[in-house]
Amino acid sequence: MENWWKSAVVYQVYIRSFADGNGDGIGDLPGLREKLPYLSSLGIDAIWITPWYTSPMVDAGYDVADFRDIDPSYGTLHDAEALIRDAHALGIKVIIDIVPNHTSSEHRWFHAALRDEANAKQRYIFRDGQGTDGSSPPNDWTSAFGGPAWTRLPNGEWYLHMFAPEQPDLNWENPEVRAEFEDILAFWFARGIDGFRIDVAHGLVKHPELPDAGPRPEDWRTQPHPARDQDGVHDIYRTWRKVAETFTPERIFVAEAVVPTNERLARYLRPDELHTAFQFDFTRAPWRANSLRDVIDDAVSQAATVGAPATWVLSSHDIPRPVTRYARSQPEFDVQPEWDRARWSAEEPDLELGKRRARAAALLQLALPGTAYIYQGDELGLDEVESLPPEVRNDPTWAQSGYTDVGRDGCRVPLPWSGTSPPFGFSPEASHADPWLPQPEHWESRTVLDQQNDNASFVWLYRSAIHLRTALFPAETELEWLGFAGQVLAFQRGDSQCWVNLGDEPVDLPAGWDVVLESSRTHGDSLPSDTAVWMTRSPF
Ligand code: NOJ
Ligand code: CA
């Protein structure tokens, strides 16, 4: 289908935690292949698989040592090809991650740089330090995970890493780097993948003088920075678009570009650049009608300026689970400057409330025009695992922040598939392997098997919504607000309406409309608090 990506439901597979086929406690490609019928039953259009490349796994695979092979813990190139084939046979498109901002420090290029082979250092960003003995970093940039963005080698030189020290940033001024990635894109396109999610798409080009950035504000991710959103990055994507266009059927790109505004984001989506990009404000918005409404309007109108679809992200492997985000008091500000895990830990979560709101948020998300991204496990109503003991924490953020930010492990815990105790069917029964992160006992009630035939479950809601979405809200229909103020979001698309009550009091539903899908039980003509409904006109 042409333009499938403009209205697709994309399911994010965090491969390490999806399903373990060989019984070592780590998710893998055989495990994912086995569960494709489940994904197909949900009715999704595409999967996006987080990095599957050879990697020392310092940053869960976002530290790539070989972009043309599969990590042995996930399987083989043959498994990847079989997965693509199987997914296509079920009508599911396959998007994979490409990580062009940095490599692993175990990549052969970085090894060559450390050996000081001819021209090897020019593939990365090496500089002398400041001060008479060069012992201060070349500038004041900080890593996204905490601490300085520079590491000094024994020979006194510094290299740049905007993430972990094991993720040296590539030098995109070097034509060899550009040529290498064009070749990597073609390598995977030729194997049948339908698109790439571009990691850190905003970061490849740095300001040529590497100037100081100044002190890091709380909302640093969306503030201008000399290492982010530089105009020169667009040339790269114009070239990538040309590579994609040499393949049929259509191959697409989705950018993870974290930039100050949707207006800046739209620049990545000009007709000769990328197809689509995550709009993260939806996930950053508190559970407040006015905030969400502003976020929705801005996302839709800015995407429209370049003819791109709006994109709706409720969570990912980098963001606390919605059930837990919505289980605590909601911040006053419209868009949260940070996915601030530390701030929340002081307040006991009300998970029942969080689940209720997350169900309503799912119906809102899936009724909006554009592409919807579902992070694995959200369709099971999983909560953030906040109780992980420090010794099992894996995310480099934990150590690099000086043990102040617990990091992202809490949303990366392996999925519960079946059974009444860990590993909940994540690994084959006979294996006795512990999942790579421990699952909480209370997930007993959240397994796929337990939910599949229960019409009050999360899975049932997601599956129903995904199956009804296109019939009720056809791709090309625009959103019209129904003129409500207060804590209600109500809009019509085509002949259907979506209503969400974010307030404390029930509100009346209009006469002449029938509820087709509800996130929680509605009573007659009234919409209870923290509930969403989809409605069609009553027959007369
Ligand atoms: C964004 C990815 O989503 C995140 O998981 C990763 O740590 C960074 N990019 C660095 O690659
Ligand atoms: Ca495994």
Side-chain angles (χ1 to χ4, degrees), residues 12-22 24 26-33 46-85 87 94-113 123-124 161-170 172 176-201 203-204 240 243-244 251 253-256 316-318 376 394-396 408 412 436:
Q12 182 191 348
V13 173
Y14 191 73
I15 184 165
R16 209 176 169 70
S17 299
F18 188 71
D20 170 22
N22 69 348
D24 62 356
I26 297 173
D28 49 40
L29 283 165
L32 171 55
R33 275 182 78 192
I47 50 177
W48 147 35
I49 308 171
T50 48
W52 58 12
Y53 313 106
T54 316
S55 166
M57 302 288 168
V58 170
D59 184 21
Y62 284 96
D63 47 323
V64 180
D66 182 351
F67 287 94
R68 293 183 186 79
D69 207 351
I70 301 290
D71 192 79
S73 65
Y74 295 153
T76 62
L77 204 48
H78 174 79
D79 292 330
E81 287 165 343
L83 182 269
I84 297 166
R85 228 178 14 249
V94 179
I95 297 170
I96 61 171
D97 235 296
I98 184 84
V99 190
N101 181 68
H102 42 264
T103 69
S104 161
S105 50
E106 299 300 320
H107 191 283
R108 65 186 163 82
W109 274 6
F110 200 68
H111 285 176
R123 298 172 182 140
Y124 293 93
H161 53 86
M162 295 309 289
F163 295 89
E166 296 84 353
Q167 291 168 299
D169 277 47
L170 285 163
W172 277 84
E176 194 190 352
V177 171
R178 296 191 181 221
E180 171 71 356
F181 274 87
E182 287 160 35
D183 194 69
I184 295 165
L185 297 179
F187 176 91
W188 289 104
F189 281 146
R191 276 164 184 74
I193 64 124
D194 300 283
F196 284 99
R197 175 261 191 196
I198 307 170
D199 188 62
V200 195
L204 279 45
W240 284 23
V243 175
R251 307 294 209 268
F253 294 106
V254 48
E256 184 220 24
S316 77
H317 64 296
D318 292 329
Q376 72 177 38
N394 210 273
D395 182 353
R408 301 160 293 179
R412 298 177 173 182
W436 72 278

Check: Shortest non-hydrogen contact from Pro168 to His161?
Finding: CA-CB, 4.2 Å
Check: Does a donor on one side chain and an acceptor on the other come within less than 3.5 Å for Tyr62 and Asp97?
Finding: yes
Checklist line | Which residues share a side chain to side chain contact (heavy atoms under 4.5 Å, CB included) with Glu166, sequence neighbours left out | finding: Val58, Ser105, Ala164
Next item on the list: Side-chain contact test, heavy atoms from C-beta onward, threshold under 4.5 Å: evaluate it for Thr50 versus Gln12 and give yes or no.
Entry: yes
Check: Rounded to the nearest 0.5 Å, how far does CG of Asp79 lie from CD1 of Ile84?
Finding: 11.0 Å
Check: Would you call Arg33 and Asp28 a salt bridge, using N to O less than 4.0 angstrom?
Finding: no
Checklist line | Residues forming a side chain to side chain contact (heavy atoms under 4.5 Å, CB included) with Ala255, sequence neighbours excluded | finding: Ala201, Ala257, Leu274, Ala277
Checklist line | Any donor-acceptor N/O pair, Asp395 side chain to Arg408 backbone, under 3.5 Å | finding: yes
Margin query: For Leu170, is there any backbone N or O sitting under 3.5 Å from a side-chain donor or acceptor partner on Arg123?
Written below: no
Checklist line | Heavy-atom pair with the smallest gap, counting every atom of Arg251 and Ile193 | finding: NE-O, 2.8 Å
Checklist line | Six-ring centre of Tyr14, Arg16 cation under 6.0 angstrom, axis tolerance 45° | finding: no
Next item on the list: Look at the rings of Trp240 and Phe253 and say which category their plane angle falls in: under 30° parallel, 30 to 60° tilted, over 60° perpendicular.
Entry: tilted
Notebook entry, point to check: Closest heavy-atom contact between Phe189 and Ala244?
Noted result: CE1-CA, 3.7 Å
Check: Please walk me through it: do Asn394 and Arg412 pass side-chain contact (heavy atoms from CB on, under 4.5 Å)?
Finding: CA-CA 10 Å; Asn394 210 273; Arg412 298 177 173 182; over 6 Å; no
Next item on the list: Report yes or no: do Ser55 and Asp63 form a side-chain donor-acceptor pair below 3.5 Å?
Entry: yes
Note to self: If we check ring pair (Phe, Tyr, Trp, His ring centres under 6.0 Å) with Phe67, which of these qualifies: Phe196, Phe181, Trp109?
What the structure shows: Phe181
